[in-house]
J.: 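One structure follows; several queries about it will come next.
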Amino acid sequence: MKKLLATALLACLCALSLAQPDAKDLALLRTTINGRMVEVPRTHENRSYICYDIREPFVEHDTTFLFRRYTVRKCDTCNLQKARMEFSYYISFAKEKNHLEHVRAMTLSNLDEQPPADEQQSEEWVLDDIEIASNDLKDIPRTWYQLVKYNDRYYLSCERPAVIQFTENYIVNHYSDGTWRSQLTDVKIKDKKNFSYKEDGLPCEIRASKVVKGLYVLTSTTPNGNIVKEALCPEESVKYFDLIDRCGEPLGKMAFAGYQEIDFDKL
């Protein structure tokens with residue numbers, strides 16, 4: 001089996017500096033993909049660089065790419081520099097041998113440097129005299145990953161690397177901007193696919209989707225009373241979902257914008 005992750009990264013490296021700016025028409029960038037000349041439209045320009053984006057899916061070196069950005073750096077004292085591939089989003093398929101390890105590395109790569117969840121300390125949890133409930137979680141999954149919807153399918157995504165972990169005492173939330181935990185109480189388990197609980201006293205429920213294998217819906221309540229729904233999968237269901245990953249780093253806060261709104265009522 002081909003290792004698509006390695007192939008995709010190789011494709012990204014091979015694309016570096018292959019695209020040439022057209023001095024006669026800077027509205028287009030011409031580059032070669034799989035032996036075919038492609039014209040890439042200019043989408044953004046500022047004092048430092050010009051951006052050219054491919055915003056439709058395409059295949060290169062047996063890898064499906066969803067988005068690619070080339071940039072041409074500007075220079076006040078020289079000619080336009082050679083264009084380079086800045087970053088790409090691509091699909092890493094669940095059938096790959098190391099899929100779960102890839103997902104774990106993307107989402108939980110910083111956890112090895114942190115103490116176990118029940119030993120972490122934060123300003124919210126410094127009062128030793130507070131009695132923290134201990135819940136019997138039975139056999140419900142302990143680690144959950146967020147899902148997104150793209151082109152009518154559900155994916156894991158490097159843009160949404162949120163992970164929820166349950167312990168007997170806490171819910172530990174891992175997001176790209178940090179990790180924190182909330183008190184877990186009132187766990188009621190109907191079965192492994194349907195259960196409810198309170199997070200810091202606020203009601204939450206997880207239920208299995210009836211139409212998408214391995215997908216679950218988390219319904220939670222915010223402190224101001226709003227209802228929020230998210231699509232999740234437990235770690236044991238990661239094998240059912242491809243991953244939208246990225247090679248290269250976006251300029252600024254640029255992110256992949258192709259995700260669809262999820263109709264939770266149909267799940």
Side-chain angles (χ1 to χ4, degrees), residues 2-76 78-94 96 102-103 106-107 146-162 175-177 231 241-262:
K2 296 182 179 179
K3 297 182 178 180
L4 294 188
L5 172 59
T7 303
L9 296 178
L10 177 61
C12 289
L13 293 175
C14 290
L16 291 176
S17 299
L18 291 182
Q20 296 285 349
D22 190 328
K24 296 181 180 180
D25 184 8
L26 290 176
L28 294 173
L29 180 78
R30 292 177 173 83
T31 188
T32 302
I33 295 178
N34 277 356
R36 184 172 63 90
M37 183 62 68
V38 176
E39 293 184 339
V40 186
R42 180 174 61 186
T43 56
H44 179 71
E45 181 177 0
N46 62 25
R47 296 180 60 182
S48 301
Y49 53 81
I50 306 171
C51 295
Y52 299 84
D53 295 346
I54 301 177
R55 299 188 176 187
E56 297 293 331
F58 64 95
V59 176
E60 183 178 35
H61 301 295
D62 297 323
T63 300
T64 299
F65 289 88
L66 305 178
F67 178 95
R68 174 172 292 173
R69 168 161 289 184
Y70 295 95
T71 58
V72 176
R73 303 285 179 169
K74 293 181 179 179
C75 176
D76 293 336
C78 58
N79 295 327
L80 285 175
Q81 297 182 16
K82 186 178 293 186
R84 57 178 287 133
M85 192 284 295
E86 197 72 36
F87 64 96
S88 296
Y89 287 92
Y90 67 96
I91 296 177
S92 176
F93 293 105
E96 289 301 301
H102 186 181
V103 172
M106 179 193 72
T107 54
Q146 189 173 18
L147 297 172
V148 298
K149 187 177 183 181
Y150 171 78
N151 199 22
D152 294 327
R153 293 186 59 193
Y154 292 90
Y155 293 86
L156 298 148
S157 171
C158 66
E159 292 291 334
R160 308 284 177 86
Y175 289 93
S176 57
D177 59 349
F241 300 98
D242 297 334
L243 167 67
I244 296 177
D245 205 353
R246 179 180 67 217
C247 56
E249 289 298 324
L251 295 166
K253 296 182 179 180
M254 171 69 192
F256 183 60
Y259 299 127
Q260 297 169 268
E261 184 176 350
I262 298 174

J.: Test of understanding: with side chain to side chain contact (heavy atoms under 4.5 Å, CB included), list the residues that count as partners of V38, not counting sequence neighbours.
T.: I33, R36, V40
J.: Residues two or more places apart in sequence or in another chain: which of them pass side-chain hydrogen bond (donor to acceptor under 3.5 Å, both in side chains) with D152?
T.: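 Testing D152 for side-chain hydrogen bond (donor to acceptor under 3.5 Å, both in side chains), a comparison that skips the adjacent residues, returns Q260.
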J.: With rounding to the nearest 0.5 Å, note down the distance linking CG in L28 to OH in Y52.
T.: 8.0 Å
J.: Kindly write out the residues that satisfy ring-ring contact (aromatic ring centres under 6.0 Å, His included) with Y154, not counting sequence neighbours, or none if the list is empty.
T.: none
J.: Looking at E86, E60, E56, which hits side chain to side chain donor-acceptor pair (under 3.5 Å) with R68?
T.: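 Only one option passes, and that is E60.
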J.: Is there side-chain contact between N34 and F58, with heavy atoms separated by less than 4.5 Å?
T.: no
J.: So, do E96 and L243 sit near enough that their side-chain heavy atoms are less than 4.5 Å apart?
T.: no
J.: Would a 4.5 Å heavy-atom cut-off, applied to side chains only, mark F241 and V103 as touching?
T.: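 They are not in side-chain contact.
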J.: Taking the side chain as every heavy atom from C-beta outward, state whether Y150 and S157 have any atom pair closer than 4.5 Å.
T.: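 In short, these two side chains do not touch, never coming nearer than 4.5 Å.
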J.: Taking side chain to side chain contact (heavy atoms under 4.5 Å, CB included) as the test, write out the residues that go with A231, two or more places apart.
T.: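 If we apply the side chain to side chain contact (heavy atoms under 4.5 Å, CB included) test to A231, skipping adjacent residues, the hits are L147, L215, I262, F264.
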J.: Working to the nearest 0.5 angstrom, can you tell me the gap between T71 OG1 and D53 CG?
T.: 10.0 Å
J.: Hey, could you give me the CG/CZ distance between L66 and R55, rounded to the nearest 0.5 Å?
T.: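 Answer rounded to 0.5 Å: 13.5 Å.
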J.: Mind checking whether T31 and M85 have side chains closer than 4.5 Å, heavy atoms only?
T.: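 They are not in contact (no side-chain heavy atoms under 4.5 Å apart), so the answer is no.
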J.: Within a strict 4.5 Å, meaning less than it, do heavy atoms of the C158 and Y89 side chains meet?
T.: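 They are in side-chain contact.
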J.: Which heavy atom of M37 sits nearest a heavy atom of R30, and at what distance?
T.: SD-CB, 3.8 Å
J.: Check whether any side-chain heavy atom of E159 lies under 4.5 Å from a side-chain heavy atom of V148, and answer yes or no.
T.: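 Of all side-chain heavy-atom pairs linking V148 with E159, none is under 4.5 Å.
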J.: Tell me the closest heavy-atom pair linking F93 and I91, and the distance in Å.
T.: CE2-CG2, 3.6 Å
